[in-house]
Amino acid sequence: MNISIVTVGKLKEKYLKQGIEEYLKRLGSYAKVEVIEVPDEKAPEELSETEMIQVKQKEGERILAKIGLDTYVIALAINGKLKSSEELADTLDKLATYGKSKIAFVIGGSLGLSDEVLKRADEQLSFSKMTFPHQLMRLILVEQIYRAFRINRGEPYHK
């Protein structure tokens, strides 16, 4: 299985980089996982509704340029479906079973995802009704992907 995590912006925090690198290393025996960063759109703190849409559209174009037509897309969105770790594991297992070997998880920038990206997504996934920094979501996501593979293989880790 080939999994891409397409995300907006550069990761600066050393502790998050270290955590992500650790889980990517662990995932190496289960799947090919890569993190693809696209540049965030520079914008002032105070934005009008129109300017926010424009920023999301520009970031969305960059995201969509990194996703192949044959890729199953899971967009992380606060209004997406809440799943347990077991349900995410089941989703990944079913995708593998039915020949969906290319999967992209998409994490938007600080303003979220554009409508175009959400329309391209095969499903929308929410980790919580709370808002998390998108940099932290990378770490949470790679850990949950790792957990899903461990669950599916019946290996110890999941509690």
Side-chain angles (χ1 to χ4, degrees), residues 1-43 52 55-68 71-93 95-96 100-118 120-153 155 157-159:
M1 184 174 274
N2 292 299
I3 298 174
S4 301
I5 299 170
V6 183
T7 182
V8 174
K10 287 253 182 254
L11 191 59
K12 297 172 188 78
E13 294 82 358
K14 186 178 178 185
Y15 68 97
L16 291 174
K17 284 182 181 179
Q18 290 172 329
I20 290 166
E21 286 169 10
E22 175 63 27
Y23 283 109
L24 290 175
K25 184 174 80 179
R26 292 181 188 189
L27 276 162
S29 59
Y30 300 104
K32 181 177 178 271
V33 182
E34 67 174 331
V35 177
I36 301 168
E37 294 178 335
V38 300
D40 54 350
E41 186 64 21
K42 302 299 177 224
M52 281 196 256
V55 167
K56 289 196 294 187
Q57 282 178 331
K58 287 177 184 171
E59 291 175 348
E61 289 168 8
R62 294 177 189 140
I63 290 167
L64 293 172
K66 300 294 183 185
I67 298 172
T71 302
Y72 187 90
V73 178
I74 301 172
L76 273 58
I78 202 160
N79 293 320
K81 182 175 187 212
L82 289 166
K83 290 187 178 189
S84 66
S85 296
E86 295 85 358
E87 288 170 324
L88 179 61
D90 188 55
T91 296
L92 293 179
D93 190 48
L95 289 171
K100 297 283 187 188
S101 62
K102 293 181 185 175
I103 299 168
F105 287 90
V106 180
I107 302 172
S110 58
L111 298 175
L113 292 167
S114 70
D115 288 343
E116 292 80 10
V117 172
L118 294 173
R120 169 60 180 90
D122 295 286
E123 73 178 87
Q124 294 180 32
L125 175 64
S126 175
F127 278 69
S128 172
K129 291 296 179 193
M130 290 187 254
T131 302
F132 295 107
H134 55 280
Q135 296 92 340
L136 180 59
M137 275 313 305
R138 289 191 210 188
L139 177 58
I140 294 169
L141 176 61
V142 293
E143 189 280 334
Q144 285 298 303
I145 294 169
Y146 174 70
R147 182 180 297 270
F149 279 104
R150 299 289 293 198
I151 290 168
N152 287 338
R153 297 257 177 106
E155 296 171 350
Y157 175 74
H158 173 65
K159 299 268 184 238

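Atoms considered below: every heavy atom in the structure, side chains included; atoms not considered: hydrogens, waters and symmetry mates.
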Task: Atom pair CD (E116) and NZ (K56), whose distance is rounded to the nearest 0.5 Å - done: 10.0 Å
Task: Within residues 133-145 or reaching into it, pairs that qualify as salt bridge (Lys or Arg N to Asp or Glu O under 4.0 Å) - sequence neighbours excluded - done: E37-R138, E143-R147
Open item on the list: Please find the pair of heavy atoms, one from H134 and one from G109, that lie closest to each other, and give the distance.
Closed with: ND1-C, 3.8 Å
TODO: Verify, without hydrogens or angle tests, whether D40 (side chain) and V8 (backbone) share a donor-acceptor contact under 3.5 angstrom.
DONE: no
Open item on the list: Run E21 and K17 through salt bridge (charged side-chain N to carboxylate O under 4.0 Å, His left out) and show every step you take.
Closed with: CA-CA 6 Å; E21 286 169 10; K17 284 182 181 179; over 6 Å; no
Task: side-chain contact (heavy atoms from CB on, under 4.5 Å), paired with L141, selected from V35, L136, I107 - done: I107
Open item on the list: If I compare all heavy atoms of K66 with all of R62, which pair ends up nearest, and what's the gap?
Closed with: CG-O, 3.5 Å
Task: I145 side, atom CD1; I74 side, atom CD1 - distance, nearest 0.5 Å - done: 8.0 Å
- [ ] Consider only side-chain N and O atoms of E59 and S114, and report whether a donor and an acceptor are under 3.5 Å apart.
- [x] no
Task: Distance, nearest 0.5 Å, that separates CD1 of I20 from CG of L27 - done: 11.5 Å
Task: All pairs passing side chain to side chain donor-acceptor pair (under 3.5 Å) where residues 122-133 contributes a residue, at least two apart - done: Y72-E123, K83-E123
Open item on the list: Is the ring pair F149/Y30 parallel, tilted or perpendicular, if the boundaries are 30 and 60 degrees?
Closed with: parallel
TODO: Enter the distance from Q135:CD to S110:OG here, rounded to the nearest 0.5 Å.
DONE: 8.5 Å
Open item on the list: Taking the side chain as everything from C-beta on, heavy atoms only, tell me whether L113 gets closer than 4.5 Å to I63.
Closed with: yes
TODO: Quick one: pull up CZ in F127 and OG in S85 and give me the separation to the nearest 0.5 Å.
DONE: 8.0 Å
TODO: Could you tell me whether the side chain of R120 reaches within less than 4.5 Å of the side chain of T71, counting heavy atoms only?
DONE: yes
TODO: State the CG-CD1 distance between L88 and I151, to the nearest 0.5 angstrom.
DONE: 8.0 Å
Open item on the list: How close do D90 and N152 get, counting heavy atoms only, and between which atoms?
Closed with: N-OD1, 4.2 Å
- [ ] Applying side-chain contact (heavy atoms from CB on, under 4.5 Å), run through Q57 and E41 and close with a yes or a no.
- [x] CA-CA 10 Å; Q57 282 178 331; E41 186 64 21; over 6 Å; no
Task: Contact summary for L82 and E87, nearest pair of heavy atoms - done: O-OE1, 4.1 Å
